[in-house]
Amino acid sequence: MISPLGRQEPTYPTLDGWSTVSSSLEYTGVRVVVRRDRVQRADQSEGTYEYIESGDGVRVLALDDWGRIALVEESVYVCGQRLLMCPGGGAEPGEAPAVAARRELAEEAGVRAETVELLTVMWRMPAGARTREHLYLARGLTIGAHHRDAGEADMDLHWVPLDQAVAMCGDGRINEAGTLAAILLTAHRTATAAADTAPAPHP
């Protein structure tokens, strides 16, 4: 089914015993729509849920051969702050998330990757938005020129050691959800890989 935004709507699971009594479109914007659903829950009680629908997004953690990650710092109007984030953005209609990840990495950071591996798919704001974030780990990096759009003109690129980025997640310097998750998942993955390849201790 095609959404009001012209996107192919993903299929979402239905909770056992729940049913949608009615669904109305309250607002249609360029990137989001707002819906109001009246539902019957499994216990037969009824409720109303208002939520946003938008296309899925991507965040890409680019890890270089020296253990550094690429973070872009940009002004985010809605938050009223400059945030440090992994490169990312929204997938275009019909665009596979892995393709969007490579595109956003090249556009925002000027980085191309030999491999892009899915870390996880997470809900951005599950109680209020029907939209997901696809998190990727990029390796085998080649650095080139970025191709940012006008809204990204004040974006700065930083290369930060992964262990330092983990500390920044803990002290609040990094506070965007997808970036937090990508950094911590990558740190866990690299630590596990190092432990698996470490020589066994002598008895």
Side-chain angles (χ1 to χ4, degrees), residues 7 30-32 54-125 129 131-191 193-194:
R7 299 177 183 272
V30 176
R31 294 184 176 85
V32 301
S54 67
D56 284 1
V58 297
R59 288 270 167 225
V60 192
L61 189 143
L63 181 65
D64 71 9
D65 293 339
W66 297 273
R68 303 177 304 168
I69 69 169
L71 293 174
V72 291
E73 182 181 5
E74 67 173 308
S75 300
V76 181
Y77 168 75
V78 175
C79 301
Q81 293 181 330
R82 283 184 67 79
L83 300 181
L84 277 169
M85 299 182 285
C86 292
E92 299 294 336
E95 184 180 36
V99 174
R102 289 182 179 275
R103 176 180 53 76
E104 290 287 349
L105 184 60
E107 287 178 2
E108 294 188 355
V111 174
R112 287 164 176 77
E114 290 181 8
T115 63
V116 173
E117 177 185 358
L118 183 67
L119 288 166
T120 194
V121 181
M122 58 177 275
W123 291 101
R124 285 173 161 177
M125 192 175 69
T131 178
R132 298 168 298 192
E133 196 92 88
H134 301 251
L135 306 182
Y136 288 91
L137 172 60
R139 297 179 187 265
L141 309 182
T142 302
I143 314 301
H146 61 74
H147 303 282
R148 299 169 185 159
D149 61 32
E152 301 165 338
D154 68 344
M155 184 179 285
D156 295 319
L157 175 64
H158 304 275
W159 288 93
V160 178
L162 178 59
D163 57 353
Q164 181 181 337
V166 171
M168 293 166 73
C169 291
D171 64 21
R173 284 178 288 171
I174 294 173
N175 55 14
E176 190 274 325
T179 301
L180 280 162
I183 290 170
L184 298 178
L185 285 169
T186 300
H188 174 72
R189 181 172 295 200
T190 55

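Keep in mind it's a predicted model, so treat the numbers as computed, not measured.
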Quick one: [atom1] on [X] to [atom2] on [Y], what's the gap to the nearest 0.5 Å?
{"X": "Leu63", "Y": "Ile183", "atom1": "CG", "atom2": "CD1", "value": "11.0 Å"}
{"X": "Glu114", "Y": "Thr142", "atom1": "CD", "atom2": "OG1", "value": "6.5 Å"}
{"X": "Leu184", "Y": "Leu119", "atom1": "CG", "atom2": "CG", "value": "11.0 Å"}
{"X": "Leu84", "Y": "Asn175", "atom1": "CG", "atom2": "CG", "value": "8.5 Å"}
{"X": "Leu180", "Y": "Leu185", "atom1": "CG", "atom2": "CG", "value": "10.5 Å"}
{"X": "Thr120", "Y": "His134", "atom1": "OG1", "atom2": "NE2", "value": "10.0 Å"}

message: With a 3.5 Å distance limit and no angle check, can you tell me whether Tyr136 reaches the backbone of Ala98 through a side-chain donor-acceptor pair?
response: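 Side chain of Tyr136 to backbone of Ala98: a pair is present.
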query: Just by modelled atom types, is the Ala100 backbone N or O under 3.5 Å from a matching donor or acceptor in the Glu92 side chain?
result: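 Checking the backbone N and O of Ala100 against the side chain of Glu92, no donor-acceptor pair under 3.5 Å is found.
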Side chains of [X] and [Y]: does their closest heavy-atom pair fall under 4.5 Å?
{"X": "Ile174", "Y": "Leu71", "answer": "yes"}
{"X": "Arg82", "Y": "Asp156", "answer": "yes"}
{"X": "Met85", "Y": "Glu108", "answer": "no"}
{"X": "Pro97", "Y": "Arg132", "answer": "no"}

query: Between Val60 and Cys86, does a side-chain contact (heavy atoms from CB on, under 4.5 Å) hold up when you go through it step by step?
result: CA-CA 6 Å; Val60 192; Cys86 292; 5.7 Å; no
- prompt: For Arg102, what residues pass the salt bridge (charged side-chain N to carboxylate O under 4.0 Å, His left out) criterion, not counting sequence neighbours?
  reply: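 Expected list: none.
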Which residues pass the side-chain contact (heavy atoms from CB on, under 4.5 Å) test with [X], sequence neighbours left out?
{"X": "Met122", "result": "Glu133, Leu135, Ala177, Ala181"}
{"X": "Glu107", "result": "Arg103, Glu104"}
{"X": "Ala191", "result": "none"}

message: How about CZ on Arg139, more than 12 heavy atoms from neighbouring residues, nucleotides or ligands closer than 6.0 Å, or not?
response: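 No.
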task: Indicate the atoms forming the closest heavy-atom contact of Ala138 with Leu105, along with that distance.
output: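 Looking at all heavy atoms of both residues, the shortest contact is CB-CD2, 3.9 Å.
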- prompt: So, for Thr131 and Gly55, which heavy atoms are closest and what is the spacing to 0.1 Å?
  reply: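 What the structure gives for the nearest pair is OG1-O, 3.0 Å.
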query: Which residue pairs satisfy the salt bridge (Lys or Arg N to Asp or Glu O under 4.0 Å) criterion with at least one member in residues 172-187, sequence neighbours excluded?
result: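 Qualifying pairs, neighbours excluded: Arg59-Glu176, Asp171-Arg173.
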Review item, side-chain donor-acceptor pairs of residues 157-170, under 3.5 Å, at least two apart:
unit_1, atom_1, unit_2, atom_2, d
His158, NE2, Glu73, OE1, 2.9

